[in-house]
Amino acid sequence: MSDENNIKGYVGIHKDCSLGFEYVDPASRRQNVASRMQLYIAKYMLDNGMLPYVMVSSGNDIAKNFQKKLGPEFAEKLFYFYAKGPYELE
């Protein structure tokens, strides 16, 4: 996301189709940049036949609180995944 020539932040999609790689420039925080980016990428995913979801580490309260603000459903149980290499899919 950018404003004129200044990049305010970025978001991406992991190889496993989860939302990720979210970053907001410190000067652009508290301006709903992260929320707008995540809602934009979630709509993009839905429009392209993907199911948007996020994985949050159990100790990452900042990320959990951010997700709660957006209103998704949370899994009732903890889920663990293992990858061969960094997010390598075969």
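Counting from 1, the numbers follow the sequence of the chain as shown.
The OG atom of Ser18 lies 3.5 Å from the CE atom of Met55; values are rounded to the nearest 0.5 Å. From Asn65, atom CG reaches atom CG of Leu70 across 11.5 Å, with rounding to the nearest 0.5 Å. Note that the CD atom of Gln67 and the OH atom of Tyr53 stand 13.0 Å from one another [nearest 0.5 Å]. To the nearest 0.5 Å, the span separating CZ on Phe66 from NZ on Lys69 amounts to 6.0 Å. Put simply, NZ on Lys68 and CG on Asp61 are 8.0 Å apart, with the number rounded to the nearest 0.5 Å. Atom CZ of residue Arg36 and atom NZ of residue Lys8 lie 6.5 Å apart, to the nearest 0.5 angstrom.
Shown here for Gln31 and Ala27, the closest heavy-atom pair between the two residues is NE2-O, 3.3 Å. Scanning all heavy atoms of the two residues, the minimum distance from Asp47 to Lys43 falls at OD2-NZ, 2.6 Å. The minimum heavy-atom distance between Arg29 and Tyr23, with the atom names listed, is NH2-CE1, 3.7 Å.
Each of Val56 and Leu39 belongs to its own hydrophobic cluster when Ile, Leu, Val, Met, Phe, Trp and Tyr are linked at side-chain heavy-atom distances under 4.5 angstrom. Residues Leu19 and Tyr44 share a single hydrophobic cluster, defined by chaining ILVMFWY side chains whose heavy atoms lie under 4.5 Å apart.
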Full working for side chain to side chain contact (heavy atoms under 4.5 Å, CB included) between Cys17 and Leu51: CA-CA 8 Å; Cys17 293; Leu51 179 64; over 6 Å; no

